[in-house]
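Values in this document were obtained by computation on a predicted structure and should not be read as measured data.
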Amino acid sequence: MNDANLTIRQITFDCHDPSKLAKFWSAATGCEIAADYGDFVMVDSTPALGFQRVKDPTPGKNRMHIDVGGAERETLIERLKDLGATELTTHEAPGLVWTVMQDPEGNEFCVGNPGD
């Protein structure tokens, strides 16, 4: 690996309630909350997820999102909804199905086919 290459170590979300959002993503990923500094909370996933309190999170659709998956997509979607996520829409393309969802603060993410 070239020393100039980047390694993604953490994805950080701007939010109103870092603790609440970190608890959602901790439960969703099955990963522990690694640190809670009040205005900044980290989940020990790979890459790590950070949640930082900001006065006014950016309104509208986020410009990037996380794609997640699991062994049984429909079961995973139902579990995420039970944790507080919202199901928005499902899309299909040859060999690929994904569902667009929002976490409790409206950050969009997609749940794809197993192995995607």
Side-chain angles (χ1 to χ4, degrees):
M1 182 159 94
N2 184 329
D3 288 341
N5 291 338
L6 295 175
T7 300
I8 297 173
R9 296 196 169 124
Q10 181 168 290
I11 299 168
T12 302
F13 295 79
D14 290 350
C15 58
H16 291 290
D17 188 340
S19 180
K20 180 179 178 183
L21 204 51
K23 286 176 186 170
F24 168 82
W25 282 104
S26 174
T29 62
C31 297
E32 302 273 329
I33 292 177
D36 186 340
Y37 302 106
D39 286 340
F40 190 82
V41 182
M42 294 171 38
V43 173
D44 191 22
S45 57
T46 304
L49 299 176
F51 305 91
Q52 66 183 3
R53 184 181 323 274
V54 296
K55 189 174 185 178
D56 295 310
T58 305
K61 185 181 182 315
N62 43 311
R63 293 183 60 181
M64 66 143 226
H65 64 269
I66 296 174
D67 290 334
V68 300
E72 296 183 28
R73 194 178 64 80
E74 291 296 329
T75 301
L76 182 55
I77 289 166
E78 290 306 313
R79 186 167 86 66
L80 291 165
K81 286 172 25 180
D82 288 345
L83 292 171
T86 302
E87 183 177 352
L88 298 179
T89 186
T90 297
H91 302 275
E92 294 186 40
L96 180 63
V97 177
W98 69 97
T99 299
V100 179
M101 301 187 76
Q102 289 181 331
D103 70 17
E105 286 208 12
N107 298 299
E108 290 187 10
F109 63 99
C110 293
V111 181
N113 292 347
D116 291 341

Determine the minimum heavy-atom distance between [X] and [Y], stating which atoms define it.
X: A28; Y: L80; value: CB-CD2, 3.5 Å
X: C15; Y: L21; value: CB-CD2, 3.7 Å
X: P104; Y: G84; value: CG-O, 3.8 Å

Could you give all pairs that pass the salt bridge (Lys or Arg N to Asp or Glu O under 4.0 Å) test and reach [range], with sequence neighbours left out?
range: residues 43-58; value: D39-R53
range: residues 81-98; value: E78-K81, K81-E87
range: residues 9-34; value: none

For [X], check side chain to side chain donor-acceptor pair (under 3.5 Å) against everything at least two apart and list the hits.
X: T46; answer: none
X: S19; answer: none
X: D36; answer: none
X: T29; answer: none

Spacing of C110 atom SG and M101 atom CE [to the nearest 0.5 Å]: 10.5 Å

Spacing of NE2 belonging to H16 relative to CZ belonging to F51, to within rounding of 0.5 Å: 14.5 Å

Inter- and intrachain pairs under ring pair (Phe, Tyr, Trp, His ring centres under 6.0 Å), touching residues 66-85, at least two apart: none

Pairwise ring pair (Phe, Tyr, Trp, His ring centres under 6.0 Å) hits with a residue in residues 84-104, at least two apart: H91-W98

same_hphob_cluster(I66, M42) at 4.5 Å side-chain heavy-atom cutoff: no

Same cluster (ILVMFWY, side-chain, under 4.5 Å), Y37 and I33: no

Pairs flagged by side chain to side chain donor-acceptor pair (under 3.5 Å) wherever residues 100-112 is involved - sequence neighbours left out: W25-D103, D103-N107

Does any part of the side chain of [Y], heavy atoms only, come nearer than 4.5 Å to the side chain of [X], both counted from C-beta?
X: Q52; Y: P18; result: no
X: T90; Y: V97; result: yes
X: R79; Y: L83; result: yes

S26 side chain to V43 backbone, donor-acceptor under 3.5 Å: no

Hydrophobic cluster of V54, others only, ordered by chain and residue number, side-chain cut-off 4.5 Å: none

